[in-house]
Amino acid sequence: MGMMSLSSVTVLVMILLVQVSSTQYKVGDLDSWGIPTDAKVYTKWPKSHSFKIGDSLLFLYPPSEDSMIQVTASNFKSCNTKDPILYMNDGNSLFNLTQNGTFYFTSGHPGHCQKYQKLIVSVGTYSAEADALSPSSSSADADAPSYQNAFGSIPLSQKSSSSSLLFSTVVASLACAVVVVGALM
């Protein structure tokens with residue numbers, strides 16, 4: 001019984017470590033997912049983050065005005081929004097990164113992809129293909145806000161992940177650990 005309890009606790013600790021180290025990213029570090037005024041906003045943003053399994057992407061948008069779809073690389077390149085891998089339209093779409101690879105996202109609304117509302121995220125590896133599919137480089141307005149925001153001004157100093165969310169996750173995970181360890185004894 002003692003050995004079984006020890007192995008159960010070890011597995012629980014490993015699960016807690018994975019939960020604690022995962023991050024929820026607000027896509028683009030913006031208040032909402034939308035058509036950018038800077039064609040490169042969704043190209044630059046993923047390059048400033050190292051995504052890993054367990055992380056998640058939060059797409060925020062007015063549900064009556066937009067959506068988020070996951071597509072194949074070829075559909076991403078051609079802005080073909082028919083037959084998506086995944087379709088979300090609730091305005092608060094959370095995509096969990098559960099495996100290594102490259103993921104392609106765009107808006108499901110007609111014409112939005114052609115206006116550069118599309119995103120490539122690589123998990124666990126750098127994707128040269130992502131660079132090849134990105135809009136061409138331009139130095140004009142490199143630090144300009146990405147698009148007019150329906151939800152107010154864009155806070156430039158706000159981080160993409162929420163420390164309060166991380167704290168809540170840690171507290172909840174530790175509470176679960178105490179309950180499980182108590183049940184094992």
Closest non-hydrogen atom pair, Asn89 against Tyr61: CA-OH, 3.2 Å
Steps toward side-chain hydrogen bond (donor to acceptor under 3.5 Å, both in side chains) verdict (Thr43, Tyr116): CA-CA 9 Å; Thr43 303; Tyr116 302 106; over 6 Å; no
Spacing of CG belonging to Leu94 relative to CG belonging to Leu60, to within rounding of 0.5 Å: 9.5 Å
Residue among Glu65, His112, Lys118 satisfying side chain to side chain donor-acceptor pair (under 3.5 Å) with Ser107: His112
From Thr23 atom OG1 to Lys52 atom NZ, the distance as rounded to the nearest 0.5 Å: 4.0 Å
Test side chain to side chain contact (heavy atoms under 4.5 Å, CB included) applied to Asp66 and Gln117, step by step: CA-CA 10 Å; Asp66 215 336; Gln117 187 182 350; 2.7 Å; yes
Minimum heavy-atom distance between Val27 and Tyr42, given as atom pair plus value: CG1-CE2, 4.0 Å
Closest heavy-atom pair and its distance - Pro46, Ile120: CG-O, 3.4 Å
Under 3.5 Å donor-acceptor, Asp90 side chain and Asn92 backbone: yes
Contact summary for Thr81 and Ile69, nearest pair of heavy atoms: CB-CD1, 3.6 Å
Straight-line distance of Leu119 CG to Cys113 SG, nearest 0.5 Å: 11.0 Å
Atom pair CD/CG of Gln24 and Leu58 - distance to nearest 0.5 Å: 5.0 Å
Aromatic plane relationship, Phe105 with Phe59 - under 30° parallel, 30 to 60° tilted, over 60° perpendicular: tilted
Aromatic ring pairing Tyr25/Phe51, orientation class (parallel under 30°, perpendicular over 60°, tilted between): perpendicular
